[in-house]
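Remarks on the structure that follows.
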Protein chains: 2
Amino acid sequence: MAPEQSRRPRPRAAADRPTIHDVAAAAGVSRGTVSRVLNGGANVSAKARLAVQEAVRTTGYVPNPAARSLKTRRAGSVAFLLTEPQERLFEDPTFGVLLHGCTKALARHDLPLTLLTAGTPEERARARRYVEAGHADGVLLVSGRAGEPLVGAFHRSGTPLVLCGRPIGQASGIAYVAADDREGARQMVRHLRERGHRRIATITGPLDTPGGVDRLAGYRDVMGEAAAPELVAVGDYSGAGGAAAMESLLRSAPDLDAVFVASDLMAAGAIGALHRAGIKVPDDVAVGGFDDTTIAAGTSPPLTTVRQPLPRIAAEMVRLLMEIIDGSPGAAVILPTTLVRRGSA
Amino acid sequence: MAPEQSRRPRPRAAADRPTIHDVAAAAGVSRGTVSRVLNGGANVSAKARLAVQEAVRTTGYVPNPAARSLKTRRAGSVAFLLTEPQERLFEDPTFGVLLHGCTKALARHDLPLTLLTAGTPEERARARRYVEAGHADGVLLVSGRAGEPLVGAFHRSGTPLVLCGRPIGQASGIAYVAADDREGARQMVRHLRERGHRRIATITGPLDTPGGVDRLAGYRDVMGEAAAPELVAVGDYSGAGGAAAMESLLRSAPDLDAVFVASDLMAAGAIGALHRAGIKVPDDVAVGGFDDTTIAAGTSPPLTTVRQPLPRIAAEMVRLLMEIIDGSPGAAVILPTTLVRRGSA
DNA sequence: CTGAAAGCGCTTACAG
DNA sequence: CTGAAAGCGCTTACAG
């Protein structure tokens, strides 16, 4: 343990902040009545309500969340948990958009979002301790790999949990929200075929992720027997990994005329590799991506890609989590993708 | 108010979790002794300590954070506040890296990070309410524009606060951590000059941000009288904005032979614009960026840029905030940048 | 509709 | 070194 581990913040300033007692005194009512006004105002006379509201204003009262939490047994916040080893998370705009969308959706319920990252066993233990201490009312879990231990742990402990992406290698009954990865991949590969391409390669995501598995499956659905092994390279969702996979495909299948890449970030890497090899996009090789993040508009040529409705995914994740926290059994929500045509294919 | 605003989570499962009382009973000591063991263990006999530790293990006890918080008047968490209007935040990897770095550094103090975004007045009010309710022990504030109202508000209320980037248009005495933007810009422009470029343009950040102002100042330091007005275009830190600014420069100064762009994301946009104009990078026009995020390695050609030590900035922000929470007066920390040479200049 | 009272689960002087 | 007790600031049956 590093010495800093024991450093904890000191109390804030003075305890001169007004409490519910001060408000009650100012309004000339009991603390119970103040509390009732603050919590929906059932069974409160208009006169009492007005007096309390006025007193809240004049005293500048803000309820103490810890006290409220202690009594209600609700944390009043939700954890957003990223389970990935690398910094890769922040290389790919996908996560940021999701994070932002969840933050916004939660804000409408006045719930803040606590960010937890858990790439190492130590971080996993910390995240679990945090949630199971009751610090969060529920967990939004992003990027779980096959058999992610925290998914199982939270599922078993009854922690309200919603995943982003179809769970792989987990017990059934886990709530999740995902784009229709498989159909999205089909849309892209069909598009490439309609444009006359036949030797269509693919760069997949990691095969222990739903985006890796399902987008490859969609590719195979459309390609059928044309999906030769030398046309498939496994990527890792990074830009550098996309470039490396492209170079490998160029060696294994030099006659390829198109490539479907399972993420925009990898597609940007692949386009770079094609440029360096002196291959023109889309004239020599067409490139299709997946995600439609800001990366897509920025490549040269701009990337034809499959749009995941990320803001909607985030909103649905929050909606589902709220329902589960309220006692619903959860669900799987699959959202449609759309093909976005730009210059690369 | 939307109806969902009133929806709040219900209590978690049963209150069957062990409390400090159960641990005390199991260990055969008082609750006070359990608490002392849990909080550093001063003045506790070895025997009592062992008994308590064993009891904690057998009962599976985890302290209730709300109860602890109520008593100690510490929130036990820190807010990471992003004050920007757009989704732009998540377009630029800079923020993600910072966020990740702060999360990791805080984790070493066992403090979770709560993400707050405040681009609109409504969000600002919410963020302020949140922090001033005592939900956070301090605030890490990123991307404050000149005169950002929340900076002033937190500073005045005595909330422990550390900014990322030099504050502009604020009272003095606000703690911050920043890269040496001005010197970093000088490094890049000097490099371009050493490579023989003379008509060096620049695309700045917004001029109400420190990165906008200070990197432009560094450019002017080196360029001197060669910094003609037609060589300066103001960008907005977005990829599209970088492209637009580049196109504008190409019109105002068609003879430019290099451009220093104040962020990698804008530089990527600028390179795209140059490609579309049929201008070769770096042969016709050299391009230098700023940040050294993952974007830099992904452009074609790879971007020569100025590295901001983002992980270190994050670590220093957390270190400073901890000190301020502990009662220190704060400080300004300026970290050196380094030139990273790749293919674009 | 409202007040008085109990209690959520901790921490921390205060005695001893 | 340790226990008994007070109290942090709320909410919520319970009476009335």
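The side chain of B:T72 contributes no N or O atom lying less than 4.0 Å from OP1 or OP2 of C:dC10. At the phosphate of C:dG3, OP1 or OP2 sits under 4.0 Å from a side-chain N or O atom of A:T33. Here B:R68 reaches the OP1 or OP2 of C:dT11: one of its side-chain N or O atoms lies under 4.0 Å away. OP1 or OP2 of C:dC8 has not a single side-chain nitrogen or oxygen of B:N64 nearer than 4.0 Å. Checking the phosphate oxygens (OP1, OP2) of D:dT2, a side-chain nitrogen or oxygen of B:S45 falls inside 4.0 Å. Dashed line: the shortest gap from a side-chain N or O of A:T19 to OP1 or OP2 of D:dG9 is not under 4.0 Å.
Summarising the base pairing, D:dG16 is matched to C:dC1 through a Watson-Crick or G-U wobble pair whose two defining distances lie under 3.5 Å.
Comparing B:L70 and B:A48, the nucleotide of DNA chain D nearest to each residue sits closer to the 5' end for B:A48. Nearest-nucleotide assignment on DNA chain D puts the 5′-proximal partner with B:G28, out of A:R31 and B:G28.
Annotation: side chain of A:V56 is in contact with side chain of A:L38 (closest heavy-atom distance under 4.5 Å).
Residue contacts for A:P63: at a heavy-atom cut-off of 4.0 Å it reaches the sugar-phosphate backbone alone, with no base atom in range.
Of the listed nucleotides (D:dT11, D:dG7, C:dG3), D:dT11 has the atom at the smallest distance from the side chain of A:I20.
Between B:R124 and B:E148 there is a salt bridge, with a side-chain nitrogen of the basic residue lying less than 4.0 Å from a carboxylate oxygen of the acidic one.
Across C:dG16 and C:dT12, the matching C1' atoms stand 16 Å from one another, rounded to whole Å.
Regarding A:H21, its NE2 atom lies at a distance of 14 Å from the C1' atom of D:dC8, rounded to whole Å. Taking atom CG of residue A:N39 and atom C1' of nucleotide D:dT12, one finds them 10 Å apart after rounding to whole Å. Remark: P of C:dT12 and CZ of B:R73 are 12 Å apart, rounded to the nearest angstrom. Atom-to-atom, CG of B:D22 to P of C:dC8 comes out at 12 Å; the value is rounded to the nearest Å. For the pair B:L50 CG and D:dC1 C1', the computed distance is 15 Å after rounding to whole Å. We find that NE2 of B:H135 is positioned 14 Å from C1' of D:dG9, with the value rounded to whole Å. The distance from atom NZ of B:K71 to atom P of D:dC10 is 15 Å, rounded to the nearest whole Å.
Scored by the side-chain contact (heavy atoms from CB on, under 4.5 Å) test, A:A27 finds A:V29, A:A51, A:V52, A:A55 as partners (sequence neighbours excluded).
Of the possible polar contacts, none joining the A:T33 side chain to the A:A24 backbone as a donor-acceptor pair under 3.5 Å is found. No side-chain donor-acceptor contact under 3.5 Å links B:T159 to the backbone of B:L161.
Residue side chain B:R36 reaches the base of D:dG3 through a donor-acceptor N/O pair under 3.5 Å, judged by distance alone.
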